[in-house]
Asker: 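To start, I am sharing the structure in question, which I have written as structure tokens.
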Number of protein chains: 2
Amino acid sequence: MRQNPARRAALVDAAIEVLAREGARGLTFRAVDSEAKVPNGTASNYFTNRDDLLTQAGARVYERWQPDASAFAEVVEGPRDRAHLTALMREMVGRLTDFPAGYLALIELRLEATRRPELRAVLTRRIRADLDANIGFHLESGMPGDATTVVLLYMALNWLILERLTLPDIFPGSQVDDLVADAVERILTPDAPVREA
Amino acid sequence: MRQNPARRAALVDAAIEVLAREGARGLTFRAVDSEAKVPNGTASNYFTNRDDLLTQAGARVYERWQPDASAFAEVVEGPRDRAHLTALMREMVGRLTDFPAGYLALIELRLEATRRPELRAVLTRRIRADLDANIGFHLESGMPGDATTVVLLYMALNWLILERLTLPDIFPGSQVDDLVADAVERILTPDAPVREA
DNA sequence: ACCGTAGTACTACATCCAGAGTGGTGTCAA
DNA sequence: TTGACACCACTCTGGATGTAGTACTACGGT
């Protein structure tokens, strides 16, 4: 088992690309080798089996999605109103969409999880934790909306991203910002402070 | 090219199962043969190539999702209020979820569409038409809500189904009906919403 | 400065398996 | 009898795996 961390990271990133491009079934050691531009047989030396590679790839996608400092500051410092929430959601949709290979790889992993209980357990824990963190942070920060708001936004916007990445012509790109605004506006309605008489 | 329609249909249905279970990459003629319990080489005689099989499988899923007569009558005859819309949406979510192989196969096809422009075109047309039909029918029938309502419900509920089918422990099954009700309640704004900039 | 060692990069091989396509034969019904 | 189909068998091909073996590099000890 080789240890070189730079090479290992390169292989994991390559695995994400392969997952997105070739599908879960196409994720072979050889394909990862080619993608990472290292000689055949290298990935075999770094990962004990496919499951190992799959779970590490999934974890890496989340790492690479961490908001950077400026985006994080915007959340903490911005006002607690609907318009700002819309802006945040747009930022999030943009951030996820801007790493399409990562998003598609995660969808592939979901489908693969259908067949591999262990992977399913790992993914479930990861995604549930992420969702709970979002809910917790949302409530704590005093943003408008309750836990249900966060869950419904999670559902709607995730599908929006999936739609954009797989069948981009269903919703034209120009419509995305409006859809996010609509989603926030409506899903927030019961708690919304606004509506003047 | 063999013509026997019963056999052809059996092969297409088998292809859906294979797609869901093994993924797009696992959809081989041989795998379809095994799934349909016919001798090796049979699928080769019925489909010219994989694309042929893929597109036919996609079309077949939609056929099998057509609401039956009783469900359709319920839509036409029921009242035009929020509670009834909730019931309809629950019925729809249940109907799609009850054919998990079909749903997962469509997701596989979406991912495969990423790689095959022709398949992408076919799927886009099909799904866009379906969505437009839903919108048209919704408006025509006098249901509460506008086109945006339909689109947002489409997004949120689709993700809900995907979540249930791939990582069922994220949302417990007992919560699904509540989530649908929440989605309808919030997305269906009672009054005309005020769009923010 | 020299050498030995450890870790890694790279190559090459032996093996294995699954899929494709197709030719040929058997079967049934019009 | 003929034609369409079911079934079986065979070959060819490609890709994947894992590992043995060699080469390279860095580093520590003397």
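We name chains A, B, ... by the order of the sequence lines, and we start the count at 1 in each one.
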Asker: For B/Arg2 and A/Asn40, find the nucleotide of DNA chain C closest to each by heavy atoms; which residue's nucleotide sits nearer the 5' end?
Answerer: A/Asn40

Asker: Does any N or O in the side chain of A/Arg8 come within less than 3.5 Å of the main-chain N or O of A/Arg2, such that one atom is a donor and the other an acceptor?
Answerer: yes

Asker: Please state whether the phosphate of C/dA20, meaning OP1 or OP2, lies under 4.0 angstrom from any side-chain nitrogen or oxygen of B/Ser44.
Answerer: no

Asker: Can a donor-acceptor pair be found, under 3.5 Å and without considering hydrogens, that links the side chain of A/His138 to the backbone of A/Thr149?
Answerer: no

Asker: Between B/Met1 and B/Gly41, which is nearer to the 5' end of DNA chain D once each is assigned its nearest nucleotide?
Answerer: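 It is B/Met1, whose closest nucleotide lies nearer the 5' terminus.
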
Asker: In whole angstroms, how far is the P atom of C/dA20 from the CZ atom of B/Arg25?
Answerer: 12 Å

Asker: Which is more 5' along DNA chain C, the nucleotide nearest A/Arg30 or the one nearest A/Lys37? Just name the residue.
Answerer: A/Lys37

Asker: Check step by step if salt bridge (charged side-chain N to carboxylate O under 4.0 Å, His left out) holds for A/Arg186 and B/Asp146.
Answerer: CA-CA 12 Å; A/Arg186 303 213 177 184; B/Asp146 54 9; 2.9 Å; yes

Asker: Give the ring-plane orientation class for B/Tyr103 versus B/Trp65, where under 30° counts as parallel, over 60° as perpendicular and anything between as tilted.
Answerer: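 Tilted, since the angle between the ring planes falls between 30° and 60°.
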
Asker: For residues A/Gly102 and A/Val61, report the shortest heavy-atom separation together with the two atoms involved.
Answerer: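 What the structure gives for the nearest pair is O-CG1, 3.8 Å.
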
Asker: Rounded to whole Å, how long is the line connecting atom CD of B/Glu35 with atom C1' of C/dA18?
Answerer: 17 Å

Asker: Please lay out, stage by stage, how A/Asp51 and A/Arg116 fare under the test salt bridge (charged side-chain N to carboxylate O under 4.0 Å, His left out).
Answerer: CA-CA 9 Å; A/Asp51 283 56; A/Arg116 299 172 176 267; 2.4 Å; yes

Asker: Need two values: the first and the last nucleotide of DNA chain D, 5' to 3', having an atom under 4.0 Å from any heavy-atom of chain B.
Answerer: D/dC5 to D/dC8

Asker: Hey, can you pull the residues of residues 47-58 of chain A with a non-hydrogen atom under 4.0 angstrom from DNA chain D?
Answerer: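 By residue number: none to list.
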
Asker: Check the distance between C/dC17's P and A/Phe29's CZ and give it to me in whole angstrom.
Answerer: 17 Å

Asker: Where is the tightest heavy-atom contact between B/Trp159 and A/Met155, given as atom of each residue plus distance?
Answerer: CB-O, 3.2 Å

Asker: Please give me the minimum heavy-atom distance between A/Pro79 and A/Met143, naming the atom from each residue.
Answerer: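 Nearest pair, atom of A/Pro79 first, then A/Met143: O-CE, 4.0 Å.
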
